[in-house]
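Remember, it's 1-based here, ligands and their atoms both numbered in the order they're listed.
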Amino acid sequence: MTFQPRTPVALISIHGDPDIAIGQEEAGGQNVYVRQVGEALATLGWPVDMFTRRSHPEQPLIVNHSPNCRTIRLIAGPEEFIPRDQGFPYLLEFVDKFQAFQTETGIEYELIHTNYWLSGWVGLELKKRYPLRQVHTYHSIGIVKYQSVPDIPQIAQTRLNIDQLCLETAERIVATSPQEQQFLRELVSPLGKIDIIPCGTNIEKLGKISKTDAREKLGFNSEDKIVFYIGRFDSRKGIETLVRAMAESKFRHSPNLKLIIGGGSRSGCSDGLECDRIRKIVHELGLNDMTLFTGRILDEDLPLYYRAADVCVVPSHYEPFGLVAIESMASYTPVVASDVGGLKFTVIPEVTGLLCPPKNHLAFTEAIDRILSHPEWAKKLGEAGRKQVEAQFSWSGVALKLSELYTQLLSEPAQRLTIKQKF
Ligand code: UDP
């Protein structure tokens, strides 16, 4: 590949540190997205700096991932984990530190790509200070999220305002699925420019090991019927639905039925509480013997778990994109997912997996049992999934699309934000 010198870009992801261990303390899809997009853009010749907030005094301030790509941690607020709903008060300090970094290093970012509303606000504020181009990816839309949570946080109105202002003023919004674009249009604003560029997955790393080898390495045998979940412990991820579905499975009393639940962190944090709640339900339903809680699954072990599974279940109440579904498909493993958000875009029912109404555990039981009962059909679903991911969802393909977008925006004049914000 030939490297063209290009202008440096800043990926801003305040609460989604691209260098942090995934699977704990709210770290999930956004962290993976920023890191993978950053690295893939760097291989296309873009100097990429990924800015995040330092959340521990021992974290290095700068981590070089490759000659063109690094994580830069700015100190804004206490150097400790702060839940995302409590991050707003530290944003102004983050903006000041970002500007100071530019002054100290002489680097001027003409294009910033902000991730999630907290970084979106930082982008708006920077754009008030000097002209630039802002690309924004939501990762989660406030108004959609608040429809699915029982407790609306105090910061909700601020977030809704910022979601709208980003859509109306950023040079481009990157929606990761047509469903996300539709929500933005219908629920946030008819104004603003949206491109659909999906998330991706590592097709070189996933799906390379055989199912037999993967099972052998993990200590499972060929008779096992393995149902796999991986992700953050958050009630909106619907792990409860999966557990209740397993309790109704026709294989329930077979010693071969196994439920693997991957992800999670130390207790005491919010995801630890959800983990404790799920463990309690597993216990109450008498599923202890079939269930394995692995905790956080390391990057190098992920391909083994995905490949060893007969079916991967994504029972989320809502999912803007859902990386897990395409990671599973890249590993030749069929997906049973909720019929929501980005999952409607990535999972093709009866072709690469099955979709079920969210929270409907009996529908999940039926879908999971169908796949477990028909291994030949499951194999076909898995192969079709792999093909689809290769065609549509590789990180290198995603980075090419973003690269084209950045190039186009950089050929247009940079804008300053002049309007007054209403918060
Ligand atoms: N993940 C991981 N190890 C874990 C738990 C999760 O690597 O122990 C990764 C998973 O492989 C996926 C991401 O975290 O890449 C979760 O992304 P998704 O879009 O499914 O959910 P989000 O976290 O954005 O809600």
Side-chain angles (χ1 to χ4, degrees), residues 13 15-37 39-40 83-84 115-117 137-141 144-145 148-149 175-177 179-180 198-203 205-207 218 228-239 242 260-266 269-272 274-275 278 292-309 312-331 333 335-338 340-347 353 358 389 393-395 398:
S13 178
H15 86 280
D17 185 329
D19 184 48
I20 210 166
I22 307 298
Q24 52 186 344
E25 284 182 340
E26 295 189 350
Q30 181 180 330
N31 309 61
V32 174
Y33 176 91
V34 174
R35 173 70 179 267
Q36 296 298 327
V37 158
E39 298 226 32
R84 52 187 95 178
N115 292 273
Y116 195 63
W117 72 274
T137 303
Y138 280 83
H139 296 279
S140 157
I141 304 169
V144 178
K145 176 175 174 177
S148 70
V149 290
T176 53
S177 68
Q179 288 70 22
E180 190 182 12
C199 296
T201 192
N202 192 333
I203 57 173
K205 202 183 74 184
L206 295 166
L218 293 174
F228 181 47
Y229 167 89
I230 174 141
R232 291 179 294 117
F233 277 87
D234 179 319
S235 58
R236 287 173 308 125
K237 287 285 177 186
I239 311 173
L242 168 60
I260 303 178
I261 300 182
S265 64
R266 61 196 158 90
C269 305
S270 58
D271 60 350
E274 175 63 0
C275 184
I278 296 295
L292 172 68
F293 288 91
T294 64
R296 181 189 159 219
I297 297 182
L298 296 175
D299 224 31
E300 57 265 34
D301 292 333
L302 265 182
L304 303 181
Y305 281 94
Y306 274 123
R307 189 67 172 110
C312 175
V313 183
V314 190
S316 315
H317 301 171
Y318 176 68
E319 198 64 72
F321 184 81
L323 281 174
V324 166
I326 58 170
E327 289 170 359
S328 174
M329 292 193 282
S331 313
T333 299
V335 180
V336 169
S338 296
V340 294
L343 298 168
K344 287 185 191 194
F345 169 54
T346 52
V347 181
V389 170
F393 303 120
S394 71
W395 282 124
V398 168

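- Between the side chain of S328 and the backbone N or O of T333 there is at least one donor-acceptor pair closer than 3.5 Å.
- Of the heavy atoms in F233, none comes closer than 4.0 Å to ligand 1.
- Atom-to-atom distance recorded for I230:CD1 and Y306:OH is 5.0 Å, nearest 0.5 angstrom.
- Applying the 4.0 Å criterion to heavy atoms of R296 picks out, from ligand 1, the atoms 8 (O).
- Proximity of the aromatic rings of Y33 and Y116 is defined here by a centroid distance below 6.0 angstrom, and this criterion is not met.
- To the nearest 0.5 angstrom, K145 atom NZ is 4.5 Å from R236 atom CZ.
- Looking at G28 next to ligand 1, no N or O pair under 3.5 Å apart turns up.
- The existence of a salt bridge linking K237 and E319 is confirmed by a sub-4.0 Å separation between a basic side-chain nitrogen and an acidic carboxylate oxygen.
- Atom CZ of R84 is separated from atom CD of Q30 by 7.0 Å, given to the nearest 0.5 angstrom.
- A heavy-atom distance below 4.5 Å is found between the side chains of D299 and K205.
- Between L323 and ligand 1, at least one N/O pair is under 3.5 Å apart.
- Heavy-atom separations between Y229 and ligand 1 are all 4.0 Å or longer.
- Within ligand 1, the atoms closer than 4.0 Å to a non-hydrogen atom of L302 are 7 (O), 11 (O), numbered from 1 in the order shown.
- Geometrically, ligand 1 and D299 share no nitrogen or oxygen pair separated by less than 3.5 Å.
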Would you check, one step at a time, whether the test side chain to side chain contact (heavy atoms under 4.5 Å, CB included) holds for F321 with T346? CA-CA 8 Å; F321 184 81; T346 52; 3.7 Å; yes
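- Within the listing of ligand 1, atoms 11 (O) sit less than 4.0 angstrom from a heavy atom of Y306.
- The nearest non-hydrogen atom to atom 20 (O) of ligand 1, considering only V324, I297, T176, I230, comes from V324.
- Using a 4.0 Å heavy-atom cutoff, H139 is absent from the residues neighbouring ligand 1.
- Per-residue contacts place V32 under 4.0 angstrom from the following atoms of ligand 1 (heavy atoms of the residue considered): 15 (O).
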